[in-house]
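We name chains A, B, ... by the order of the sequence lines, and we start the count at 1 in each one.
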Amino acid sequence: MKEAEKRREVSLFVTIRDDFSLEKIADCGQCFRARRFGDGTYLFISGDRVLRIRKVRPEDKYEVDCSGEEWDSFWKEYFDLDRDYSRIREICSSQFSEECDGTGTFLMKAAESGEGLRILRQNSWEVLITFILSQRKNMPAIAASVEKLSRLYGHRLDVRNDRKDDTDMSRVLVISGKEDKETGLYSFPTPEELKCASEQDLRDAGLGYRAPYVRDAIDKIMSGELDLEAMQNLDDDALFDRLVTVKGVGKKVADCISLFGFGRTGRSPVDVWIDRAISRCGGEDPFPKFGEYAGIMQQYVFYYMTHTDNS
DNA sequence: GACCAGGTGGCCT
DNA sequence: AGGCCACATGGT
């Protein structure tokens, strides 16, 4: 038995039959703290929870390092496992043929390339802040920024069986540069942990012109002016209207927060990549036509645009 | 050292 | 309502 196996005290095997690609999920730009170890184990962080998950021999089996109770009550929902993505892809592909000329085949190829993606049920506060940070940054820069904020204002997570061999770990989202020798995991800071950070503190953390935006978000949450829990009950348009009251949250970021932080799969954010995709579809945004699945199709296309050579 | 990045707010017609 | 443009920082 290998050393790495011995250290694993808790080991649970779960079955996932639906579309599920750890590599794509970790590297699709909706969560920014996923990592991959050299042995193909992936790590996800949500709140104070950390999950290591690895595909094992039978095709639909995965090894996870949490209890069965935690898997059932938390991670299954996090990965949106109650939704049948393969069926959604079928439903969507039946609409492709109705598209004129190149658009249908373009969407078809995108959906194929994104097979295995899922819309994660992330914490809405974390999504609010990380997508404010995301504007005018590339994915490695976003990941680095989120990581830095977590190290500065989050708290250290005491991880089960913490590995001693963190150095041979490679991250899917590369945390650039030199600080990377440091081991240990940090939680994403809560509103309480950030409430004392001044705008200047946030600038010092490298947030640049987004510092006052994040500061405004903290203020609105702490004052109760923005109640993320209560906003779960709003319909999509009302939720959107509340989100854009935060400085630095415009249409695109509000749609991202709705989709990734509130599970509103009818929302399809339009960023620079999707804008290029729309141009390729003759200038008309094809996503709203997919109704409740618009956001899922958008994710497939986003993945396609960012992971294939397009000229 | 340009040029760009999962945009937005504030101005200007 | 719609068209510019500054904005901070880091990757490529």
Side-chain angles (χ1 to χ4, degrees), chain A residues 24-34 110 113-114 117-120 122 124 126-152 171-180 197-217 219-220 240-262 264-265 267-280 283 285 287 294-311:
Chain A
K24 291 178 191 174
I25 292 167
D27 191 28
C28 71
Q30 53 177 311
C31 65
F32 301 104
R33 306 195 63 203
S113 86
L117 284 170
R118 308 190 75 83
I119 305 296
L120 300 178
Q122 296 185 82
S124 54
E126 179 168 342
V127 175
L128 168 67
I129 300 302
T130 57
F131 276 88
I132 288 174
L133 295 184
S134 76
Q135 55 186 105
R136 298 301 289 176
K137 279 179 183 289
N138 54 32
M139 299 219 304
I142 301 164
S145 181
V146 171
E147 193 64 24
K148 191 168 186 178
L149 200 63
S150 299
R151 287 195 174 158
L152 287 173
R171 299 178 188 187
V172 172
L173 301 169
V174 180
I175 313 301
S176 73
K178 42 240 157 175
E179 59 175 335
D180 219 8
S198 67
E199 181 182 323
Q200 187 56 50
D201 291 337
L202 295 172
R203 283 185 188 275
D204 293 343
L207 302 201
Y209 67 87
R210 305 167 192 81
Y213 299 164
V214 171
R215 190 55 252 179
D216 185 55
D219 290 337
K220 285 192 162 66
F240 181 94
D241 290 343
R242 295 299 298 136
L243 289 170
V244 294
T245 63
V246 179
K247 285 180 199 155
V249 177
K251 177 167 171 42
K252 186 266 170 182
V253 169
D255 281 338
C256 283
I257 301 167
S258 299
L259 178 59
F260 304 133
F262 289 86
R264 306 304 175 96
T265 56
R267 290 287 164 168
S268 51
V270 178
D271 69 340
V272 288
W273 296 97
I274 294 298
D275 209 36
R276 287 168 198 157
I278 291 172
S279 311
R280 190 172 296 194
D285 184 346
F287 299 106
I296 295 172
M297 275 305 302
Q298 187 271 9
Q299 266 309 99
Y300 291 145
V301 173
F302 179 79
Y303 188 84
Y304 183 60
M305 297 300 289
T306 52
H307 289 80
T308 56
D309 231 355
N310 46 301
S311 48

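Rounded to whole Å, the P atom of C:dG10 lies 23 Å from the corresponding atom of B:dG9. Across B:dC11 and C:dA8, the matching P atoms stand 15 Å from one another, rounded to whole Å. Nucleotides B:dG6 and C:dG3 have their C1' atoms positioned 23 Å apart, rounded to a whole Å.
Using a 4.0 Å heavy-atom distance criterion, A:Arg210 is classed as a base contact. Across all strands, A:Val249 comes closer than 4.0 Å only to sugar-phosphate atoms, never to a base (heavy-atom distances).
Inter-residue side-chain proximity for A:Pro269 and A:Gln298 is flagged as met; some heavy-atom pair is nearer than 4.5 Å. Using a 4.5 Å heavy-atom cutoff, the side chains of A:Lys251 and A:Phe240 are in contact. Residues A:Tyr300 and A:Ser113 form no side-chain contact, since every pair of their non-hydrogen atoms from C-beta on lies 4.5 Å or further apart.
Contacts between residues 252-262 of chain A and DNA chain C, defined by a heavy-atom separation under 4.0 Å, are absent.
Distance, A:Arg215 CZ to C:dC7 P: 23 Å, rounded to whole Å. The distance between atom CZ of A:Arg203 and atom P of C:dC7, rounded to the nearest whole Å, is 11 Å. Put simply, CD on A:Glu199 is 14 Å from P on C:dC7, counting in whole angstrom units.
For A:Arg136, there are no salt bridge (Lys or Arg N to Asp or Glu O under 4.0 Å) partners two or more places apart in sequence or in a different chain. Judged as a side-chain hydrogen bond (donor to acceptor under 3.5 Å, both in side chains), and not counting sequence neighbours, the contacts of A:Ser198 are A:Asp201. Listed by chain and residue number, A:Asp216 satisfy the side-chain hydrogen bond (donor to acceptor under 3.5 Å, both in side chains) test with A:Lys220 (two or more places apart in sequence, or in another chain). For A:Asp219, the side-chain hydrogen bond (donor to acceptor under 3.5 Å, both in side chains) criterion is met by A:Arg215, not counting sequence neighbours.
Using bins of under 30°, 30° to 60° and over 60° for the plane-to-plane angle, the ring pair A:Tyr213/A:Tyr209 lands in the perpendicular bin.
When each of A:Lys137 and A:Lys251 is assigned the nucleotide of DNA chain B with its nearest heavy atom, A:Lys137 is the one assigned upstream, toward the 5' end. DNA chain B is contacted by both A:Ile142 and A:Val244; A:Ile142 maps to the nucleotide lying nearer its 5′ end (nearest heavy atom per residue). Mapped onto DNA chain C by nearest heavy atom, A:Gln135 and A:Asn138 fall at different nucleotides, with A:Gln135 at the one closer to the 5' end.
First and last contacts of DNA chain B with chain A, using any nucleotide atom under 4.0 Å from a protein heavy atom and ordered 5' to 3', fall at B:dA5 to B:dG9.
Under 4.0 Å is where a charged nitrogen must lie from a carboxylate oxygen, and between A:Asp255 and A:Arg267 at least one such pair does.
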